[in-house]
Amino acid sequence: MLQADVATERPAPAMNVAGHPFVENDSRLAWAATASALGMTDDARQALVRELDDAVRSVDGTGFVVTPFTRCPVVSDELGFSADGGVWVKDETGGVGGSQKARHLFTILLHLRAMELLGHLPERPRLAIASCGNAALAAATLARAARWPIDVFVPTWMSDGFGDRLDSLGATIHRCPRRDDDPPGDPAMLRFREAVAGGSVPFTVQGPENALCLDGGRTIGWEIGAQMVDPAGPGALDAIFVQVGGGALAACLGSALGESVPMCAVQAEGCAPLDRGLRRATGVDDPAQAWGRIMTPWTDPTSLADGILDDETYDWLGVLDAVNASGGSSIVASEANIVAAHELARRSGLDVSPTGSAGLAGLLEVQSAPTPGFDASSNVAVVMSGVER
Ligand SMILES: Cc1ncc(COP(=O)(O)O)c(C=O)c1O
């Protein structure tokens, strides 16, 4: 239900960028609509957002804020943009947990706390996530803030250092070796699904596992929509280049920005199940009904951008809608451009990971061939989505 709503939504009036992302967008958020329908007042919802945000801040040192959106002179100059065009960076590296992931998870947490306060959740089910990256860190941070127990299912190869960080946040870590009788697929994901089948709440950034993660992710897009038309902004954007792993980020940005900004979904050549799927979906009347044929796992994913190596693009339908509705495209970036984009982003002063700068690799790819609709005076956006660890 939510996914359908998210996919068809049109941009609403710009938000106030001086406000709080989750307070400002209360009237657009699904968790808030549900809580309101069940009797939670505007003041009570705002108090809940602020209380949880304060708790997050006390754990992470930062809370949810409108993140910067500025023209990057180094990247713009190096890529040959003129003064009236340029590359605009939405900088999520200073976000909770160092990436955009907590935005997606915050609306799940708000929903759970609202249900608790309204008396609909007498006992706390455990939270569960399968991840050993930014999503796990964000999930463990929010769980600690809410004092909610969480199980994190991780692959056997997760580094001890990362395990220590999750441990220090109080998460219960489960290393997941492949079992002899396991079906194909990621064993951590299999164990996660077993936990959910046993009553845990999927606290995850994959829409098909928990559609409420697609709620909060949209705040990034609403912010860009407002910052774009701010006096300090470009006024309009000719494209936004977004790195795609599981696809929730691009689906949310596309939904929030609507038709106004062409969505360029970027994957690495070493893992491009979305691009392959979108080609398979061409001419198919109802792609959702052909899921098993269109979205198949990528064999042996590999790239320096290791956070977007999801072998399946879980939220591919949302990305497909965004690309189609906005007249955007799917871009496969060469590994050389993934590396070059990271180096360029670092040169510009951004403390961003290769995953977090992978959208810029899509722009490099486009620039290497003459592209209709782009010239030196174009204004384009990228999302620097995660800090270098
Ligand atoms: C820093 C960063 N950027 C982008 C992504 C991709 O987001 P999504 O999986 O929603 O496509 C990830 C996913 O792990 C990430 O860690």
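Atoms within each ligand, like the ligands themselves, are counted from 1 in listed order. Both backbone and side-chain heavy atoms feed into the values below; hydrogens, waters and symmetry mates do not.
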Exercise for the section: Just say parallel, tilted or perpendicular for the rings of Phe64 and Phe22, cut-offs at 30° and 60°. Expected result: perpendicular
Practice task
For Gln243, take its heavy atoms, then give the atoms of ligand 1 lying under 4.0 Å from any of them.
Solution key: 4 (C)
Completion exercise
ligand 1 to Gly386, heavy atom cutoff 4.0 Å, flagged ligand atoms 1 (C)
Fill in the blank from the handout: A student checking ligand 1 against Asn134 at a 4.0 Å heavy-atom cut-off should list atoms 1 (C), 15 (C), 16 (O)
Handout entry: ILVMFWY network linking Trp298 to Met295, side-chain heavy atoms under 4.5 angstrom
Key = no
Practice task
Measure across Gly39 and Leu118 and return the closest heavy-atom pair with its distance rounded to 0.1 Å.
Solution key: C-CD2, 4.4 Å
Problem - No-hydrogen, no-angle side-chain donor-acceptor test under 3.5 Å, Asp60 and Thr62 - result: no
Exercise for the section: Using a 4.5 Å cut-off on heavy atoms from C-beta on, say whether the side chain of Glu365 contacts that of Ser334. Expected result: yes
Exercise for the section: Indicate yes or no: does an N/O atom of Gly356 lie under 3.5 Å from an N/O atom of ligand 1? Expected result: no
Problem - Asn379 and Arg71 side chains, donor-acceptor separation under 3.5 Å - result: no
Exercise for the section: With side-chain contact (heavy atoms from CB on, under 4.5 Å) as the test, would you mind laying out the steps for Ile224 and Trp88 before giving the verdict? Expected result: CA-CA 10 Å; Ile224 294 173; Trp88 294 75; over 6 Å; no
Exercise for the section: Report yes or no: does Lys101 have a heavy atom closer than 4.0 Å to ligand 1? Expected result: yes
Practice task
Using a strict 4.0 Å cut-off to heavy atoms of Val244, name the atoms of ligand 1 that fall inside it.
Solution key: 11 (O)
Completion exercise
Short version for Thr313: what comes under 4.0 Å of ligand 1, heavy atoms counted, is neither
Handout entry: No-hydrogen, no-angle side-chain donor-acceptor test under 3.5 Å, Asp43 and Thr41
Key = no
Practice task
Return a yes/no value for Leu249: is any of its N or O atoms, backbone included, closer than 3.5 angstrom to an N or O of ligand 1?
Solution key: yes
Problem - ligand 1 to Ser99 polar contact by distance, N or O atoms, under 3.5 Å - result: no
Handout entry: Nitrogen or oxygen of Ser353 less than 3.5 angstrom from that of ligand 1
Key = no
Problem - atom 3 (N) of ligand 1 - nearest protein heavy atom and its distance - result: Ser385 OG, 2.5 Å
Practice task
Would you mind listing which atoms of ligand 1 come within a distance below 4.0 Å of any non-hydrogen atom of Ala248?
Solution key: 8 (P), 10 (O), 11 (O)
Handout entry: Part of His104 within contact of ligand 1 (heavy atoms, under 4.0 Å)
Key = neither
Handout entry: ligand 1 N/O within reach of Ile308 N/O, cut-off under 3.5 Å
Key = no
Problem - atom 15 (C) of ligand 1: the protein heavy-atom neighbour that sits closest, reported with distance to 0.1 Å - result: Thr355 CG2, 3.6 Å
Problem - Polar contact flag, side-chain donor to acceptor under 3.5 angstrom, Thr93-Asp351 - result: no
Practice task
Please check if atom CG in Asp181 has more than 12 non-hydrogen atoms from other residues, nucleotides or ligands closer than 6.0 Å.
Solution key: yes
Practice task
Considering the heavy atoms of Gly246, write down every atom of ligand 1 situated less than 4.0 Å from one of them.
Solution key: 8 (P), 9 (O), 11 (O)
Practice task
Determine whether any heavy atom of Ala135 lies closer than 4.0 Å to an atom of ligand 1.
Solution key: no
Fill in the blank from the handout: The protein heavy atom nearest to atom 5 (C) of ligand 1 is Gln100 NE2, 3.6 Å
Problem - Main-chain N/O of Val352 paired to His342 side chain as donor or acceptor, under 3.5 Å - result: yes
